[in-house]
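Every value quoted in this text rests on a predicted model; they were computed, and no experiment measured them.
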Amino acid sequence: MRRAKYHKKEESIFELLSDISLSTLGLLLIFFVVYSLVFNTKKSVIQSQFSKSKAEVIQLREEQAKLFDKNLNLTQELERVKQENENLKTNISEANKRANDAEQKAQLILQQNQYTGYYKGNYTGKFYYDGCDGNNFSEVEQEHTIIYI
């Protein structure tokens, strides 16, 4: 009987070891399942953040390209306006030069004509017969033009 007891003891030890190993395996399985869920959740969150960041980077690059084109267009417009401004300054300086030349010519003409002139008017005079003392005269009206140099 002793042997039967010993044999019974061996069976109970093996059952205990089996229960402990299965419990440990179950706990490890639960740990790995929880760990994988947490890891996969973090991984999916990171992947979604990465996808959002990638989409935002693409959108910002497109916006950067648009702004670069707009900057290029504005730079070209600025150059055109600068060129137009230079042309206008040149035209203004040429117009001022012509105005000064015309003013100098007008001053020269005024100086040249300062002592020359032109007069047109009517003249009424008396024409005496038989000397200057008599009442025998006639009035003469004429139009006169005088040019003096």
*First locate atom CG of Leu67, then atom CG of Leu72, and finally report the distance between them rounded to the nearest 0.5 Å.*
12.5 Å
_Heavy-atom check, side chain of Leu22 versus side chain of Ser18, under 4.5 Å_ = yes
*Just how far is it from atom CD of Glu63 to atom CD of Glu56, taken to the nearest 0.5 Å?*
10.0 Å
_Is it the case that over 12 heavy atoms from other parts of the model lie below 6.0 angstrom from the CD atom of Glu141?_
no
*When rounded to the nearest 0.5 angstrom, what distance separates NZ in Lys54 from CD in Gln59?*
15.5 Å
*asked:* So, taking the atom named CG in Asn87 and the one named NZ in Lys82, what distance separates them when rounded to the nearest 0.5 Å?
replied: 14.5 Å
*Would you indicate whether the side-chain heavy atoms of Arg80 and Glu84 approach each other to under 4.5 Å?*
yes
*Would you find more than 12 non-hydrogen atoms of other residues, nucleotides or ligands less than 6.0 Å from Gln76 atom CD?*
yes
*asked:* Once rounded to the nearest 0.5 Å, what's the spacing between atom OG1 of Thr90 and atom CD1 of Ile92?
replied: 9.0 Å
*Separation of Leu108 CG from Glu103 CD (nearest 0.5 Å)*: 12.5 Å
